[in-house]
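What follows is a single structure, written as structure tokens, with notes after it.
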Amino acid sequence: MKISFIGLGAMGYPMAGHLARDHGLTVWNRTGEPAERHAAEFGSVVAETLEECAEAEIVVTVLPTSEVVESVVDKLLPRLKKGTLWIDSTSGDPVSSRRTGKRLAEKGIRFIDAPVTGGVPGALAGNLTVMVGGASEDYVQAGAILKSFGSRIVHVGETGAGHAVKAANNALLATNMWAAAECLVTLRKLGIDLKSALEVINSGSGRSYASEELLPSRILDGEWPLSFRLSLHEKDIRIAEAMSRSEKVSSPLLSLTTQLYTAAMRNLPSDADYVEVVKFAAKMNGEKW
Ligand code: NDP
């Protein structure tokens with residue numbers, strides 16, 4: 001079975017590495033260097049052109065946005081074979097994925113949205129959680145591929161449902177992160193030691209992924225690695241807010257979180273990591289992290 005993998009960024013590179021161990025894999029990246037490095041490290045084959053990826057029976061995309069996925073679909077569509085399964089593991093927009101699924105279905109090509117959660121550590125370890133939107137039979141076939149980099153693979157509904165759940169997950173992450181930042185700034189202003197405060201919070205009912213896994217190393221140890229660009233996280237929150245609006249759900253907290261993240265993104269460097277949003281929350285209060 002021929003598999004093409006498009007997009008060897010922070011997530012795609014290790015995900016494709018797991019796939020290359022289990023299957024023959026052709027890779028393509030917009031800039032060539034990661035693809036050459038991948039071939040050297042994992043034995044994958046570098047596609048000469050993007051269009052060559054259309055020869056596969058399975059196409060996997062891990063790209064920044066659904067807009068980019070749609071531009072890749074435009075290029076491959078004339079060459080894709082009937083029966084091909086397209087697995088989109090981008091954190092995308094459900095409206096766009098339903099549009100793409102429909103376009104591909106008109107040519108007999110199947111499409112599932114299969115975004116992931118677990119971050120770069122999960123991608124490196126191959127234990128991501130994958131949420132799949134699409135037809136049951138396509139979910140079953142995709143499972144054989146997804147299990148290379150995912151340890152929990154959940155069918156959440158029809159096309160677009162995977163992207164919807166992913167956007168909701170990341171909106172929750174953002175809300176928790178911002179709330180934790182406000183509380184920690186307050187505690188610091190009160191002169192309370194943040195190491196002790198986090199120890200209590202993280203064994204108490206106020207804990208979250210942000211307070212347990214993300215904030216201690218940044219705030220206490222001053223380590224600010226780049227693993228997930230803030231601009232990508234901001235995109236996910238905007239998708240969640242748009243979903244909420246289209247369903248006429250009253251969601252003031254989601255709207256406010258979107259506003260805060262957009263402001264943070266505009267005020268921080270363009271390559272800021274998503275956790276750096278707490279620097280902006282601190283700056284709003286005359287503090288520095
Ligand atoms: P990166 O920015 O590290 O990688 C993006 C990839 O897309 C690169 O391969 C890049 O190529 C390629 N790309 C960018 N623009 C284009 C374009 N116009 N045409 C073709 N290729 C393009 O992003 P991540 O790997 O972090 O994220 C990928 C997806 O996964 C996003 O949707 C993100 O939201 C999601 N995600 C990220 C997580 C993380 O922790 N990083 C966790 C879970 C999901 P090039 O190398 O040439 O720039």
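Everything numeric here is computed off the predicted structure, so don't read it as measured data. Note that these values count all heavy atoms, side chains included, but never hydrogens, waters or copies made by symmetry. Numbering of ligands and ligand atoms starts at 1, following listing order.
Looking only at atom types and distance, the side chain of Glu234 has no donor-acceptor partner in the side chain of Tyr274 under 3.5 Å away.
Checked options Pro115, Ser89, Ser91; the residue passing with Val62 is Ser89 (criterion: side chain to side chain contact (heavy atoms under 4.5 Å, CB included)).
Residues Ile153 and Tyr139 have side chains in contact (heavy-atom distance under 4.5 Å, counting atoms from C-beta outward). Residues Ile6 and Val72 have side chains in contact (heavy-atom distance under 4.5 Å, counting atoms from C-beta outward). Looking at heavy atoms from C-beta onward, Glu158 lies out of side-chain contact with Arg98 at the 4.5 angstrom threshold. Side-chain contact between Asp113 and Lys166 is absent, with no heavy-atom pair separated by less than 4.5 Å. Proximity of Phe228 to Val120: side-chain heavy atoms (C-beta onward) are nowhere separated by under 4.5 Å.
Atom 28 (C) of ligand 1 has Leu63 O, 3.8 Å as its closest protein atom, hydrogens excluded (heavy atom only). For atom 19 (N) of ligand 1, the closest non-hydrogen atom on the protein side is Val68 CG1, 3.6 Å. The nearest heavy-atom contact from the protein to atom 13 (N) of ligand 1 is Pro64 CD, 3.8 Å. Nearest protein heavy-atom neighbour of atom 9 (O) of ligand 1: Asn29 OD1, 2.6 Å.
Proximity of Ala123 to ligand 1, defined as any heavy-atom pair under 4.0 Å, is not found for any part of the residue. Counting heavy atoms under 4.0 Å from ligand 1, residue Thr31 touches it through both backbone and side chain. Neither the backbone nor the side chain of His233 has a heavy atom within less than 4.0 Å of ligand 1. Of all the heavy atoms of Leu8, the ones lying under 4.0 Å from any atom of ligand 1 belong exclusively to the backbone.
Tyr261 does not carry Arg266 over the face of its six-membered ring by the limits of under 6.0 Å from the centre and within 45° of the normal. Lys279 forms a cation-pi arrangement with Trp224, by the criterion of a distance under 6.0 Å to the ring centre and an angle within 45° of the ring axis.
Below 4.0 Å from some heavy atom of Val120 lie the following atoms of ligand 1, by number and element: 40 (O). Residue Leu232 approaches ligand 1 through these ligand atoms, each under 4.0 Å from one of its heavy atoms: 23 (O), 26 (O), 27 (O), 33 (C), 34 (O). Within ligand 1, counting atoms from 1 as listed, the ones closer than 4.0 Å to a heavy atom of Gly9 are 3 (O), 4 (O), 8 (C), 9 (O), 25 (O). The ligand atoms of ligand 1 that sit less than 4.0 angstrom from a heavy atom of Gly119 are 40 (O), 42 (C).
Of the listed options Gly12, Ala167, Ser91, Ser91 places a heavy atom closest to atom 44 (C) of ligand 1. When Arg30, Met11, Lys166, Glu234 are checked for heavy-atom proximity to atom 22 (C) of ligand 1, Arg30 turns out nearest.
Contact between Thr90 and ligand 1 is present, with at least one heavy atom of the residue lying under 4.0 Å from the ligand. A heavy-atom separation below 4.0 Å is found between Lys235 and ligand 1.
How far CG of Asp221 is from CG of Leu215: 12.0 Å, rounded to the nearest 0.5 Å. The CD atom of Glu55 sits 8.0 Å away from atom OG1 of Thr26, with the distance rounded to the nearest 0.5 Å.
Here's the thing with Ser227: one of its N/O atoms is less than 3.5 angstrom from an N/O atom of ligand 1.
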